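Some notes on the structure that comes next.
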Number of protein chains: 2
Amino acid sequence: MLTGTNLEYTKSYNVRIVLETIRLYGPLSRVEIARRTYLTAQTVTNITRSLMQSGMIVEAERLQEGRGAPSILLKINPEGAYSIGLDLDKDHLTGVLVDLLGTPRQQIDMELKFPSSDEAMDILENTAKELITREGVELEKIWGVGIGLPGPFSVSDGAVLKDVVTPIGLPGWSNVPVREILSKRLSLPVFLENNANAAAIGELWYGAGRHIGTFFYVYFGAGLGGGVIINGQPYFGYTGNAGELGYYPASEPFDQEQNSQKPHLGQFFRLPSLYKKLQAEGYEVSNLVELEKLYEQKNDFLMGWIEKGATHLAPLVLAIEYLVDPQAIFFGGRLPDPIINDLLEKLKTILPTLRIKEKTSYPDLLNAAAGAEAAALGVATIPVYESMAPLPGLLMKTSKNSYRSLVRPVISEM
Amino acid sequence: MLTGTNLEYTKSYNVRIVLETIRLYGPLSRVEIARRTYLTAQTVTNITRSLMQSGMIVEAERLQEGRGAPSILLKINPEGAYSIGLDLDKDHLTGVLVDLLGTPRQQIDMELKFPSSDEAMDILENTAKELITREGVELEKIWGVGIGLPGPFSVSDGAVLKDVVTPIGLPGWSNVPVREILSKRLSLPVFLENNANAAAIGELWYGAGRHIGTFFYVYFGAGLGGGVIINGQPYFGYTGNAGELGYYPASEPFDQEQNSQKPHLGQFFRLPSLYKKLQAEGYEVSNLVELEKLYEQKNDFLMGWIEKGATHLAPLVLAIEYLVDPQAIFFGGRLPDPIINDLLEKLKTILPTLRIKEKTSYPDLLNAAAGAEAAALGVATIPVYESMAPLPGLLMKTSKNSYRSLVRPVISEM
DNA sequence: TTGATTAATTCAAATATTTTGATTAATTTA
DNA sequence: TAAATTAATCAAAATATTTGAATTAATCAA
C-alpha cells in the first residue's frame, strides 16, 4: 500500500484544500485563497466554479478596500449539505441533524437502559428518520449518518474499519453489523465511531481544534473515554483503541457492584455509579440537570468526588503530557460544564506538584466547546469530514479513502 | 499552511515511492513495481531511468520464470550514497558511517565525561572527518550528518526544528547552534535529533519497523528516553518531546546524589548510577562488557535490579498501550542484549497482572534490532530518510520539506 | 469629469507528468 | 518453428496546473 499519485488525485485534494480554507478562514476572495494555498488564482477560479455549481459554496458580498476591482468573497453554503449524528450509550441516545457549518437544526434526546442490539437498531433507525422528517430535507442532501458507540471495542480480526462491533460497554452485543443494517434501512452512508473519538473529531472540525492540530480529548460518557488528534488527523492506534484510558488500572476499587473487575478509572466516572453514591448519601440525583443543581449548592460530597476525580486523573494526564505531548487536552462530554471546569482547576493545582520541572510549556487543559451533545455532534461531523477534509490518503492510489485510512498504512508483504 | 499540490510535487513523490518500494521489497522488476505502486509501467520506466542515471539503483540479474520476456530486477546501489551518524551522550560518543543500505562501514567509539559544548563541537567535527578519511569516500556522496543528543530539550521558542539546543542532560549547554556550527565546519547538511527518536527512526528505516507502521521505542541511554513512530512517520509532539518518559515521576527516589530532583524513572536506568550501586556491593563494573559478564554470572543484585526495573516500567508500558496503542514496543539502546531480553520477559509476566482483561491483542514487546549503536545508526539514517522517504509533506507546497514537517501542520491564522 | 493606476478575475495557450495504445524484445510452449 | 506470453519502451493523448494576456471594476489625481 505504498502507492503513487497522479493529476487526478492532485485535483480532488486541491478541491478539498480550497474548501477547507474557506471553511476555516472564510469568507475569502479567490485571490486570497490562492495566496494562502499557494495555488494560482486561475486554479482557484476553476475549483471554486465547480464548488459553486455543486452548491457547496456561495458568493457573499463584495469587499471594497483600496484601489482595484473589489474582491468577491466566497463562503460555505450551510444548506449545501446536511449530516446526522446518533450517539448511543448505555443509558441514553442523542440524535442531531446538522448543516454544513455544523449548526444543529434538529435534536432528539432519549433515556435508555442497556438496549439490546435489536432494540438499538430500531431506535437508531427511527430517530434518524424522525430527524429528517422534522427538518424536511431531501435525502440526497444528507451526506450520511454517524453513529457513536461507547468504546473500547473488542476487535476480533484486527480490522481497522469497524463495520461489525462488539462494544464492551453494551452487554449482549456481539459482532453486530451496525453499518450494514442501518445503511440498508436508511439508504444512507453510515459511519461507526466510538463516542470519545467522535467528540474529538467534532472538536477538531468545528471547535477549538480548528486551530489546534495536536490534542487529546478526555471524554466523560457513561464511563471514561479518550480520543487522539495528531497533526490535524484523528489517530486510532493499531487496534483502534488509542486513547482509551477508561480501563487504566487504579489503585483502589471505586464501585462495589463491579468488584468482579479489577479497579480502573472508568468506574470512578461512571455516572450511574455517582448517582447511586449520591443517593446513598440522601441526595435525590438521577440526571445531569439535578447534578448541576447540586453542584451549584456546593454540595460537600460532590466537591469531594470532584477532588478525588482530579487526583486519580492527574497521573494519566501526566502520562498524556509525556507520551503524546499534545498542544492541549480537552475535557468534555456528559458532565455539567461547571463540574468539568472545577475538575480542570483542581487538576491544574495537582499537576505542578507531580511534574519534574524542566519544560517551558505544558499542554493547555481546556473545557471542550460542545457540551453534553459533544459526541452526537462529533459523529455528525464524520460524514462531512469524510467528504470535505483534505485527507492525505486522498493523494495516494488506494481504493479506500476513508478518514480512517492511514497516511502511510502498515506495510504488508504482497 | 494548508497548501495545494501540483504535478511537480507529484513527480518527486512518485520517485520516492518507487525508491522505497525497491528498498523494502527489492530486488524487483519494473512491472512488479508498477503493480505494487499502482503506477503504470511506463511511469516506472521513466522514474527508474533517472534513478539509475543518478546511481541510486542498479540493474541486477534477469529473472526467468514462466513465459514471456524475463524481467530485469532493480535494486538499491549501496554505494549510491553514504551518511554519517554521531551519537553524543553524557558519557560517550559513537560515530558511524553507513552506506545507502544502512550497513555500517566505519565506526568510532569514545568515552566522555559531560563534555562542554565547545569540546563537543570539536570532537564531533573530528570524528566525522576521521570517518570520511577512513572510508575514503568523496564528500559529494555523503548526504549528511545526523547528530544524536540526549533529550529532552528545553525549547525556548517552541520551534519544532531544533537547530539550537539546550539538552537538559548536558549541563552547561545553553542555546548551542549545533546545526549551524557543524554544517559550516563540515560543509555537509546536519540534522539534530534526540537519541531516542533517532533510534526509533533507525528501527523504522532499517529494522523491524520496516514492516511495523506504528510503534513506540523505549531507549536506554545515559538515562531513559522514548521515541514514537505513527503510521510510518516519526511523531514528535507539540513541543518536540513526545515519548520522553525518562522524567515520568516515580513513587520512590532511586538516586542518592540527585535527591534534589523529585524521583523519576530516568534515575533508575542511569548507567553510572547502576555502576555505582554495583560497586557499592563490591562488584567492579564500569562498562557494558563487564555488566554483561556480571549478568552471565546471574548476579543476584543485578537480577534484582532488572526485576525492580520491570516493575517500575510496567505502569508506563501500560500507559503506552492504552494511550498510544502501538503495534509493538521496542526496547533498545545501551544495555546489553541479554539484560534487555530479561527485562522484557519480566515485563511480560507483570503486565497481564495489571491489565483489565478486555482486548484480544496487545502490543508486542520486542528487543530492538540494532544494539548499543542503535542511536548512532538511527541518526545516520536521518539524512537518508530525509532524501529518500516518501514524506507526505512533499506533496504540499510548503517550502520546508523536512522529515520533521507535519502531514498537516498546525493551522495558523495568517 | 476623465484618464491613469491598481487589483481581482478570467480567457487562452503553454507546460509537465501520467496514461493509453502500439511496438519491440525475449522466453516458453505446443 | 510458430504461437503465446510477458517485460519494457516508444509515441501520442489526456489532464490538471501554470503562465501570460485580457477584461472588469474600483480608486486616485489632474
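Not measured: the values here are computed from a predicted model. Quick note: numbers below take in every heavy atom, side chains included, and nothing from hydrogens, waters or symmetry partners. Residue numbering restarts at 1 for every chain, and letters A, B, ... go by the order of the sequence lines.
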Q. Does one side chain, of B/Thr10 or A/Thr10, offer a donor that lies under 3.5 Å from an acceptor on the other?
A. yes
Q) Of all the choices, C/dA25, C/dA8, C/dT18, which nucleotide is nearest to the side chain of B/Lys11 once you look at every atom? A) C/dT18
Q: Mind running a 4.0 Å heavy-atom check of residues 40-59 of chain A against DNA chain D and sending the residues that fall below it, in number order?
A: A/Thr40, A/Gln42, A/Thr43
**Q.** G-U wobble or Watson-Crick pairing nucleotide for D/dA29 (cut-off 3.5 Å, both distances)
**A.** C/dT2
Q: With DNA chain D as reference, determine whether B/Leu73 or A/Arg62 sits nearer its 5' end, using the nearest nucleotide of each.
A: B/Leu73
Q. Picking from C/dA26, D/dT5, D/dA8, which would you name as closest to the side chain of B/Ser71?
A. D/dA8
Q. What nucleotide, of D/dT18, C/dT9, D/dA26, holds the atom closest to the side chain of A/Leu39?
A. D/dT18
Q | Nucleotide nearest A/Pro70 (side chain, heavy atoms from C-beta), chosen from D/dA25, C/dT9, D/dT18 | A | D/dA25
(Q) Applying salt bridge (Lys or Arg N to Asp or Glu O under 4.0 Å) to A/Glu20 and A/Arg210, what does each step give before you reach the verdict? (A) CA-CA 10 Å; A/Glu20 171 106 341; A/Arg210 288 160 56 117; over 6 Å; no
Q: Any chance you could lay out the salt bridge (Lys or Arg N to Asp or Glu O under 4.0 Å) test for A/Glu138 and A/Lys141, step after step, and finish with the verdict?
A: CA-CA 6 Å; A/Glu138 58 266 52; A/Lys141 280 229 164 177; 5.6 Å; no
Q: Please determine if a side-chain N or O atom of B/Arg30 lies less than 4.0 Å away from the OP1 or OP2 oxygen of D/dT9.
A: yes
Q: With the side chain of B/Arg67 defined as its heavy atoms from C-beta on, choose the nearest nucleotide among C/dT9, D/dA25, C/dT29.
A: C/dT29
Q.
For a 4.5 angstrom cut-off between non-hydrogen side-chain atoms, does A/Gln327 reach A/Phe215?
A. no
